[in-house]
A.B. asks: 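My structure is below; once you've seen it, I'll send some questions.
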Amino acid sequence: MTEIREMKKEDCQDVWNLQKQCFSVPWSLESLEDMFRVEGYTSLVASDGCEIIGYIGMKAVFDEADITNVAVSPVMRKKGIGKQLIQQLLIRADQKQINRIFLEVRVSNEAAICLYQNAGFKEIDRRKGYYEKPREDAFIMVWENTNSY
């Protein structure tokens, strides 16, 4: 069974190892640790009881936020973990009265695009050459909170 919980500072090493499996340009360990010193970050991890198998992060400023990263262990993909992480993040965004959440996604990452669309994100623009290793465009997507405050 997968548990979704708030990320703790002691999870940084495991999240960094997960990012190295998932991204050609992962965040540094220091950047992950900095999230605990800077206001506005919400980070969740998915655990199978033994290890961290997923991660999602969001940085909020006032009533808007950006999803910083979503990562699921390659061997654990297509099991609904990404969906659970996004659902839990959106619940927290609603609790924090966040009206809009933005993200970038590789234009070739059809599985992630579908996941985000199913969560209510809509494509609004394209950033040319946004990603490195390999160089690739990104779709900019946005989720808008339908609750009124």
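Heavy atoms only: backbone and side chains are in, while hydrogens, waters and symmetry mates are out.
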A.B. asks: Of all heavy-atom pairs between Trp143 and Ala119, which one has the smallest distance, and what is that distance?
C.D. replies: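 Smallest interatomic distance, heavy atoms only, reads CD1-O, 3.6 Å.
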A.B. asks: Through direct or indirect side-chain contacts below 4.5 angstrom among Ile, Leu, Val, Met, Phe, Trp and Tyr, which residues connect to Val38?
C.D. replies: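 Direct or chained contacts put Val38 with Met7, Val15, Trp16, Leu18, Trp27, Leu29, Leu32, Met35, Phe36, Tyr41, Val45, Ile52, Tyr55.
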A.B. asks: To the closest 0.5 Å, what do you measure between SG (Cys12) and CG (Asp34)?
C.D. replies: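 So the gap between those two atoms works out to 9.0 Å.
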A.B. asks: With the side chain counted from C-beta on, respond yes when Phe102 and Ile124 share a heavy-atom pair under 4.5 Å apart, and no when they do not.
C.D. replies: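 Phe102 vs Ile124: side chains touch.
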A.B. asks: Taking Val105 as the starting point, is it possible to reach Val107 by hopping between hydrophobic residues whose side chains are less than 4.5 Å apart?
C.D. replies: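 Same cluster: Val107 reaches Val105 through Ile, Leu, Val, Met, Phe, Trp or Tyr contacts under 4.5 Å.
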A.B. asks: Is there a donor-acceptor pair closer than 3.5 Å between any side-chain N or O of Thr68 and the backbone N or O of Gly57?
C.D. replies: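 Side chain of Thr68 to backbone of Gly57: a pair is present.
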A.B. asks: Going from SG on Cys114 to CG on Asn109, what distance comes out if it is rounded to the nearest 0.5 angstrom?
C.D. replies: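 CG of Asn109 is found 10.5 Å from SG of Cys114.
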A.B. asks: Under 4.0 Å between a Lys/Arg side-chain N and an Asp/Glu carboxylate O for Glu144 and Lys122?
C.D. replies: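 The answer is no: the pair does not qualify as a salt bridge.
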A.B. asks: Charged N to carboxylate O under 4.0 angstrom, Asp11 versus Arg5?
C.D. replies: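 Yes.
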A.B. asks: Write down the atom of Gly49, the atom of Ser47, and the distance for their closest heavy-atom approach.
C.D. replies: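 Looking at all heavy atoms of both residues, the shortest contact is N-OG, 3.0 Å.
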A.B. asks: Please evaluate residues Asp48 and Glu51 with respect to the criterion side-chain contact (heavy atoms from CB on, under 4.5 Å), reporting the C-alpha separation (whole Å), side-chain torsions for both, the decisive distance (0.1 Å), and the verdict.
C.D. replies: CA-CA 6 Å; Asp48 66 0; Glu51 64 181 316; 3.8 Å; yes
A.B. asks: What's the shortest heavy-atom distance between Lys79 and Gln84, and which atoms?
C.D. replies: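 The answer is O-NE2, 4.5 Å.
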A.B. asks: Does Glu104 come within less than 4.0 Å of Arg127, counting only side-chain N to carboxylate O?
C.D. replies: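 Result for this pair is yes, salt bridge flagged.
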A.B. asks: Output yes when Asp137 and Arg126 qualify as a salt bridge under the 4.0 Å nitrogen-oxygen rule, no when they do not.
C.D. replies: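 Salt bridge: yes.
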A.B. asks: Just how far is it from atom CD1 of Ile140 to atom CD of Glu123, taken to the nearest 0.5 Å?
C.D. replies: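 Between Ile140 CD1 and Glu123 CD, I get 9.5 Å after rounding to 0.5 Å.
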A.B. asks: With a 4.5 Å heavy-atom cut-off, do Lys59 and Glu39 have their side chains touching?
C.D. replies: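 Result no, sub-4.5 Å side-chain heavy-atom pair not found.
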A.B. asks: In terms of heavy-atom contacts, does CD of Glu10 have more than 12 from other residues, nucleotides or ligands at under 6.0 Å?
C.D. replies: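 Atom CD in Glu10 is crowded, with more than 12 foreign heavy atoms closer than 6.0 Å.
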A.B. asks: Grouping I, L, V, M, F, W and Y whenever their side-chain heavy atoms are under 4.5 Å apart, do Val75 and Ile53 come out in a common cluster?
C.D. replies: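 Yes, Val75 connects to Ile53 through the hydrophobic network.
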A.B. asks: Is it possible for you to say whether Ile4 and Met76 belong to one hydrophobic cluster, with membership spreading through side-chain heavy-atom contacts below 4.5 Å?
C.D. replies: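 Per the 4.5 Å side-chain linkage, Ile4 and Met76 are co-clustered.
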A.B. asks: Only one of Ile101, Asp66, Val70 forms a side-chain contact (heavy atoms from CB on, under 4.5 Å) with Met58, so which one is it?
C.D. replies: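 Running side-chain contact (heavy atoms from CB on, under 4.5 Å) over Ile101, Asp66, Val70 with Met58 returns exactly one hit, Ile101.
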A.B. asks: Are the side chains of Ile86 and Lys83 in contact, using a 4.5 Å heavy-atom criterion?
C.D. replies: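 A side-chain contact under 4.5 Å is absent here.
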A.B. asks: Looking at NZ of Lys8 and OG of Ser43, how far apart are the two atoms once the value is rounded to the nearest 0.5 Å?
C.D. replies: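 It is 14.0 Å, given to the nearest 0.5 Å.
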A.B. asks: Determine the sole option in Arg92, Gln95, Gln88, Lys96 for which the side-chain hydrogen bond (donor to acceptor under 3.5 Å, both in side chains) test with Thr42 is passed.
C.D. replies: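 With Thr42 as partner, side-chain hydrogen bond (donor to acceptor under 3.5 Å, both in side chains) holds for just one option, Lys96.
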A.B. asks: Could you check whether any side-chain heavy atom of Gln19 comes within less than 4.5 Å of a side-chain heavy atom of Asn69, counting everything from C-beta outward?
C.D. replies: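 They are in side-chain contact.
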A.B. asks: Applying a strict under-4.5 Å side-chain criterion to I, L, V, M, F, W and Y, I'd like to know whether Tyr131 and Ile67 cluster together.
C.D. replies: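 No; Ile67 is not reachable from Tyr131 via cluster members.
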A.B. asks: Determine the minimum heavy-atom distance between Ser24 and Lys133, stating which atoms define it.
C.D. replies: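 Closest pair (atom of Ser24, atom of Lys133, distance): OG-O, 2.7 Å.
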A.B. asks: Measure across Ile81 and Ala46 and return the closest heavy-atom pair with its distance rounded to 0.1 Å.
C.D. replies: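 Answer, listing the atom of Ile81 first, then Ala46: CG2-CB, 3.7 Å.
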A.B. asks: Do Leu90 and Val142 land in one hydrophobic cluster if side-chain heavy atoms of ILVMFWY residues count as linked below 4.5 Å?
C.D. replies: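 As far as the 4.5 Å side-chain criterion goes, Val142 and Leu90 are not connected within one cluster.
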A.B. asks: Provide the closest heavy-atom pair for Ala65 versus Ala60 in the form atom of the first, atom of the second, distance.
C.D. replies: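 Of all heavy-atom pairs spanning Ala65 and Ala60, the closest is CB-CA, 3.8 Å.
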A.B. asks: Nearest 0.5 Å please: distance from the CG atom of Leu44 over to the CD atom of Glu6.
C.D. replies: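 Atom-to-atom, Leu44:CG and Glu6:CD are 5.5 Å apart.
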